[in-house]
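I have placed the structure first, in the form of structure tokens, so that the comments after it can refer back to it.
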Number of protein chains: 2
Amino acid sequence: MKLDPRHLEILAAIVEHGGLTEGAEALGKSQPSVSRTLSQLEARIGAPLFKPGRRPLQPTDLGLALAEQGQAVLKANAKASDLVARFRTGHSGLVRVAGTPIFMDGVIASMIARFQQEIPDVRVDQSYGYADPLIERLRLGTLDIAIVPLRRSRVPADLSFQPILQGLNVVVCRENHPLTRSKFITAKEIENYPWIAPPADSPLYKDLRRALSNIGAEDFRISCSGGSLASVIGVLTGSDSLTILPYSVVFMMKDHARIAALSLDIGHPDRELGLLVASEAQQSPAARRFRTFVHAQFESLSRRIVQHRKDQLWR
Amino acid sequence: MKLDPRHLEILAAIVEHGGLTEGAEALGKSQPSVSRTLSQLEARIGAPLFKPGRRPLQPTDLGLALAEQGQAVLKANAKASDLVARFRTGHSGLVRVAGTPIFMDGVIASMIARFQQEIPDVRVDQSYGYADPLIERLRLGTLDIAIVPLRRSRVPADLSFQPILQGLNVVVCRENHPLTRSKFITAKEIENYPWIAPPADSPLYKDLRRALSNIGAEDFRISCSGGSLASVIGVLTGSDSLTILPYSVVFMMKDHARIAALSLDIGHPDRELGLLVASEAQQSPAARRFRTFVHAQFESLSRRIVQHRKDQLWR
DNA sequence: CAGCTTCATAACTTTGCGTTATATTAAACC
DNA sequence: GGTTTAATATAACGCAAAGTTATGAAGCTG
């Protein structure tokens with residue numbers, strides 16, 4: 001005999017709360033509804049589930065045994081409800097984040113760490129890429145959030161873009177690099193040192209070319225290219241090479257890596273770093289939560305950057 | 001959010017069997033029904049439970065977690081079904097049996113033991129009583145089976161009576177009692193020994209009086225009365241007292257107790273021992289099973305009694 | 001025994017599950 | 001790469017059953 005798990009739930013509620021009325025109330029149903037369901041259940045089973053005539057309603061052995069199973073159903077149901085609730089509030093789930101490699105490694109990784117300390121049950125899938133392919137993945141629904149530098153004018157109409165940081169690059173070298181001693185660096189001086197180039201298809205690479213032409217350095221030598229942030233830092237601190245990095249990345253690393261930014265105005269690109277998402281509505285709650293978290297983190301980061309610059313001016 | 005345990009069951013079936021079609025088949029439902037239920041569930045939850053587009057249908061993390069709860073529901077449901085099935089086939093439940101004290105102790109107790117060896121999950125509530133109050137309890141529904149000696153003509157119309165043994169009493173004494181040496185016992189001899197009387201309100205007591213008047217013993221002394229079978233046997237084996245017992249009781253005890261039946265024809269009462277039940281239909285399955293078990297036991301007992309008598313004739 | 005609480009019953013509405021028939025879509029195969 | 005095949009989604013509709021309010025019956029109170 002196959003019976004309805006809801007009936008078992010009702011039976012369990014009646015037994016637990018000691019009466020039809022109380023059980024009905026606990027279930028959020030009317031008393032007659034519960035009464036009839038119980039009658040039907042007894043009819044189907046062909047045996048009384050409660051001892052007849054006694055008013056503090058007392059279950060039979062069978063009634064008690066079935067009520068136990070009903071409790072198991074209720075428990076599983078409650079757990080399922082909890083799972084759903086946690087999902088809907090973004091306390092569990094999956095977030096697929098992608099961004100430019102340097103940025104992901106230099107800034108986002110530590111934010112992910114902090115996020116997971118706060119919301120441990122959300123899994124974060126990270127991957128790397130530049131704007132166009134990431135836009136494609138957003139459209140396909142295989143990505144939740146892209147963190148990319150983008151010109152406002154180039155934001156696709158079907159996506160929503162939330163700027164979080166001004167685009168600002170700086171030229172970087174190792175600590176105690178000869179150039180750090182110059183107050184005003186000339187193009188001629190720059191040309192003495194080789195460059196670590198970002199991947200050729202990256203926006204940063206274009207920024208590098210433009211920056212160099214801005215400061216009048218026509219000829220530049222590339223000693224190495226294509227590495228990840230960790231590789232770049234490694235080469236940088238072990239040689240006299242120069243490279244270009246987003247200021248925020250340098251800021252985040254200033255306490256850990258032995259690198260220095262040159263006081264060299266290379267102009268800033270007219271791009272903004274921002275969070276690109278497919279559509280506000282169809283975001284998973286976990287993705288929404290991650291997005292607001294990252295947004296808040298960047299606001300805090302902006303403030304710290306501003307503060308840091310003030311401090312440097314005082315010196 | 002409160003969700004329907006049946007939906008969790010369906011989800012579990014889909015996940016377990018790897019597809020809507022297979023899941024539907026396992027549940028004994030049509031594929032469209034399962035499909036729609038799943039859609040509704042996803043709509044209610046507001047999140048996909050299966051990864052879109054992939055054809056060996058693959059659950060999302062949330063889908064998998066909910067399916068686990070569905071499995072718990074299915075398990076509880078299966079257990080409940082099993083409980084019901086066992087109840088309906090009489091493999092679990094409660095049987096309330098009552099009968100005359102001497103008979104319950106002397107014959108029924110050992111049958112209960114055998115029954116419980118075979119069907120261990122049926123609880124047997126035994127109690128003692130004589131015909132009239134037991135009939136009342138049968139009518140009230142507080143008793144399932146009464147095992148009583150009854151005249152056929154006195155069987156109430158609303159109850160059903162199943163005879164299991166001819167009424168037959170014998171006079172009993174300890175082994176090696178002086179009377180066991182007499183081939184033909186006279187009333188005079190009998191009068192030398194005191195009697196252990198059954199309770200005054202028992203049918204056995206009436207039998208005793210009638211038996212004694214039958215054999216012409218007008219005057220008899222009662223040394224003790226009112227005890228249970230164990231008490232009667234105790235007194236009997238420790239003294240020269242006599243008593244009257246149903247033959248079946250003596251037969252059952254012949255290997256354990258040091259008692260002997262006197263070859264003294266006291267006539268047999270026109271009663272039959274039988275199983276009295278309220279109504280065939282409203283019996284609990286366990287009670288039905290117990291009744292057929294006891295009936296079979298008595299048939300076997302009858303055969304053994306007949307065999308035993310044959311053996312004694314040969315000697 | 002009167003009053004109160006609790007459970008059962010009645011009558012009706014609404015929800016939603018089950019069905020079959022059919023359209024779509026993804027996978028597989030040549 | 002197009003065609004076949006299997007699996008899933010959608011549509012339309014009947015029906016079982018759960019929900020509701022109103023009311024009657026039956027045990028426990030004092």
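All chains are named by letter (A, B, ...) in the order of the sequence lines, taking the proteins before the strands, and each is independently numbered beginning at 1.
Counting to the nearest Å, the P atom of D:dA17 and the CD atom of A:E9 are 18 Å from each other. Atoms CG (A:L3) and P (D:dA16) sit 20 Å apart, rounded to a whole Å. Atom-to-atom, CG of B:L57 to C1' of D:dA7 comes out at 9 Å; the value is rounded to the nearest Å. Atom CZ of B:R6 is separated from atom P of D:dA16 by 15 Å (rounded to the nearest Å). The interatomic distance linking B:K51 (NZ) with D:dT8 (P) rounds to 16 Å, in whole Å. The distance between atom CG of B:L41 and atom P of C:dG16, rounded to the nearest whole Å, is 13 Å. A:L38 has its CG atom 16 Å from the C1' atom of D:dA17, to the nearest Å. For the pair A:L20 CG and D:dA26 C1', the interatomic distance rounds to 13 Å; values are reported in whole Å.
Annotation: of the two residues near DNA chain D, B:P32 and A:P32, the 5′-most nearest-nucleotide partner is B:P32.
For B:R36 against C:dG16, a side-chain-to-base donor-acceptor contact under 3.5 Å is absent.
An OP1 or OP2 oxygen of C:dG16 is reached within less than 4.0 angstrom by no side-chain nitrogen or oxygen of B:H7. In this model, the phosphate group of C:dC17 is not approached by any side-chain N or O of B:S33 to a distance below 4.0 Å at OP1 or OP2.
Between A:F115 and A:F293, the angle of the ring planes goes over 60°, which puts this pair in the perpendicular group of the 30/60° scheme.
If you check every strand for non-hydrogen atoms under 4.0 Å, A:T21 touches sugar and phosphate atoms only. Within 4.0 Å (heavy atoms only), B:Q31 reaches at least one base atom of the nucleic acid.
The side chain of B:Q40 sits closest to C:dC17 out of C:dA8, D:dA18, C:dC17. For A:S30, counting side-chain heavy atoms from C-beta on, the closest listed nucleotide (C:dC7, D:dT20, C:dC17) is D:dT20.
In this structure the side chain of B:S228 never reaches within 4.5 angstrom of the side chain of B:Y128, judged on heavy atoms. Looking at B:L83 and B:S92, their side chains never come closer than 4.5 Å, going by heavy atoms from C-beta outward.
A donor-acceptor contact shorter than 3.5 Å is absent between the side chain of A:S202 and the backbone of A:P198.
Around atom CD of B:E22, more than 12 heavy atoms belonging to other residues, nucleotides or ligands sit under 6.0 Å away.
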